[in-house]
Amino acid sequence: MVRFQNVGMRYGLGPEILHDVSFELEPGSFHFLTGPSGAGKSTLLKLIYLASRPSHGLITLFGRDIALAERDELPALRRRIGVVFQEFRLLDHLSVMDNVALPLRVAGVKESDIRDNVAELLDWVGLSDHLQSRPATLSGGQKQRVAIARAVINRPRLLLADEPTGNVDDRIGIRLLYLIEELNKLGTTIIIATHNEALVARFDHPEMHLSDGVLTIKRKSALGTV
Amino acid sequence: MFRPRSDLPLEQDAAKRFLPWLIVLVVYLAALALAGLMVLSTAASGWGRGLTDTLTVQIPPAASTASEDGVADSNSSPKARVERALEVLRATPGVAQAKALSREELLALLEPWLGSGQFAEELSLPALIDVKLKVQSGVSLEGLAATLDAAVPGATIDDHKRWFDRLILLVRSVELIAGGIVLLVSLAAVATVIFVTRTGLAIHHDVIELLHVMGAHDAYVARQFQYQALETGVRGGVIGFALAASTLLALGYLSARIEAMLLPSLELSASQWLVLSALPFVVALISMITARVTVLRTLAKLP
Ligand SMILES: Nc1ncnc2c1ncn2[C@@H]1O[C@H](COP(=O)(O)OP(=O)(O)OP(=O)(O)O)[C@@H](O)[C@H]1O
Ligand SMILES: [Mg+2]
C-alpha cells in the first residue's frame, strides 16, 4: 500500500527533517504516527499524499514508484487518498455541504449522485443540522468532523489524518477515532498523526514514532494494552 | 450567461473588480482605432478609384486670342482648340469619355475663391476637359501628352498622380499608427489579464493546492479561472463596444452635416461593423486563453 525506502527529506537548503526513513504499510492496517512537535509528522504525511517530493529515497504508493509516475497518473493516485489536514483547510466561502462535496466534484461525479451521498455522510458524523452552514460559524469539533467527512466522502483506500483530535476534548476525540475505526473495518488503511499519548494508549494499534528524523515502529500488542 | 460552478471565491478579488473596467477601456480604444483604420482605407481606395482613372486636360487661353472680339480664326479660337483636343482624346483607345467643362461649370468651381462678381466674368480662363479612362486602359500618358501638344500647342495633362501619391503616403502612415495603437492596446489587455490572473492565483494558492492534492486535474482548476476571465472579457468587451459604437455613430452624424469634399465618409459598411463587433469577443477569448495558460503554468510547478 505505502512503502518508504531510505527516504530523506529537507525543505530547500534547510536541515534534514527525515533521515533514511523506511517502512511498509499493509492494506487495511491502522497506525498512529507520534513524535514531538516539529518532528516531521506532517512532513511525512505530505510525502505520502504527494504534496511534496522526497530529497532522496524511494516512495511506492499502491504499487507504483511515484518517481516514475507520469504527471497525468498522479490525480488518480491522489483520489485514492483522503486527507484530514492539521489546520482543516475548509473553504470558508462554501457551505459545509459543498466543502464535503468537493472531492466528488473534483473527481467528476454527477451532481445528482453528490447530494444524497454528502447528506448521508454528514448525518453519520452528526452534522445534519449544519448542511448549509459556513465553516466559520462552526465550533472546532464541528469543523474537525467536516474535515473528516470531506476526507472520506470519496471512499479512499488510504486515510491520512493529521491531528484529527487536536481541537476537541478527549471524549469527542475518542468518538472521532471510533468513527475512523469503522472506516478501517471497511478496508481503509489509516495513518493518524497525533501528540495525544493518552489517546494512542486507548487503542490497540501500532505506533510509528518520529524523533530526531528517525522513525521507529512500536507494536502495542507486544507492550500489552491498558 | 453560462458559467460552471466555481470552487474559488473569485468574485471577491479586488483585482477582479477593476478588470472589467480596464477591458471596457481597452475595447473602446481598440474599436475606435480599428474603425479609424477602416474608414481611412475605405476612403483611400475610394480616392484611388476616383482619381487614377481620371485625367484633366488643361488648355490655356492662347495669348493672341485674349480679346473677345470673336474673330473667326477657326484654328486659334478657344472653342476650336477645345474641339480639336476633344477629337484627339476621343480617338484615343482607352478613353471612355471626354467632356469639356462649360464656362459656367468652371466659374462654379472657382466661385469659392473668386466670388461670383464681375471680376470672375472678365477673367480669361483655361479650358478644362474631364477625361474618364476605361478600367485598366493602359493609356500611355506621355504618348497622349505629346499627341495633344502637337494638335493643340500648350495643352497639358494632369493625372493627379503626384498629389495622390502624397495623400496615399499620409494615409498609409496614419493607418500604420492606428494599427500600432490597436496592437499596443491588445498587448495591454493581455498583460492586464495575465497580471490579474497571477494575482488571483497568488490569493487562492491554498485553495488551488487543496484541489490539486484532492486529485483535481490541472484542467479542472484552469477551467474555474478561464470561464471567469471569459465572462469578465465578454461583459467588459460588450460595454466597451457599445460605447465605441455610440461614439462612432455620433461622429458619423456630425461629419454628415459638414459638407467637406475631402473629409472621408465616417460611415462604416455592414461588414466593417461586423468586424468591429467581433472585437469584444476576440478580447474575451484572449483573456480566457491567457488565464488558462497562466494557471496551467503555475500548476505545472506543483509536485
Ligand atoms: N514548508 C516548509 N518549509 C520549510 N520548513 C518546513 C516547512 N514545513 C515544515 N517545516 C519544518 O519541518 C520541521 C517538521 O515540521 P512538521 O510540520 O512536519 O512537524 P510536525 O511533526 O507535524 O509538528 P506538529 O506536531 O507541531 O504538527 C519543522 O522544523 C518545520 O519548521
Ligand atoms: Mg504537524
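The chains referred to below are lettered A, B, ... by the order of the sequence lines, with proteins before strands, and numbering in each begins at 1.
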Should we say atom [atom1] of [X] is surrounded by more than 12 heavy atoms from elsewhere, each under 6.0 Å from it?
X         : atom1 : answer
Glu120(A) : CD    : no
Phe281(B) : CZ    : no
Trp273(B) : CH2   : yes
Asp113(A) : CG    : yes

query = Applying a criterion of heavy atom separation less than 4.5 Å, what residues of residues 44-71 of chain A form contacts with chain B?
reply = Tyr49(A), Leu50(A), Ala51(A), Ser52(A), Arg53(A), Arg71(A)
task = With side chain to side chain contact (heavy atoms under 4.5 Å, CB included) as the test, would you mind laying out the steps for Arg150(A) and Leu210(B) before giving the verdict?
result = CA-CA 12 Å; Arg150(A) 187 180 63 186; Leu210(B) 179 70; 3.6 Å; yes
Side chains of [X] and [Y], heavy atoms from C-beta outward: is any pair under 4.5 Å?
X         : Y         : answer
Glu87(A)  : Asp206(B) : no
Leu211(B) : Leu102(A) : yes
Asp218(B) : Asp72(A)  : no

inquiry  = Tell me if a side-chain donor or acceptor on Arg78(A) pairs with a main-chain N or O of Met214(B) at a distance below 3.5 Å.
reply    = no
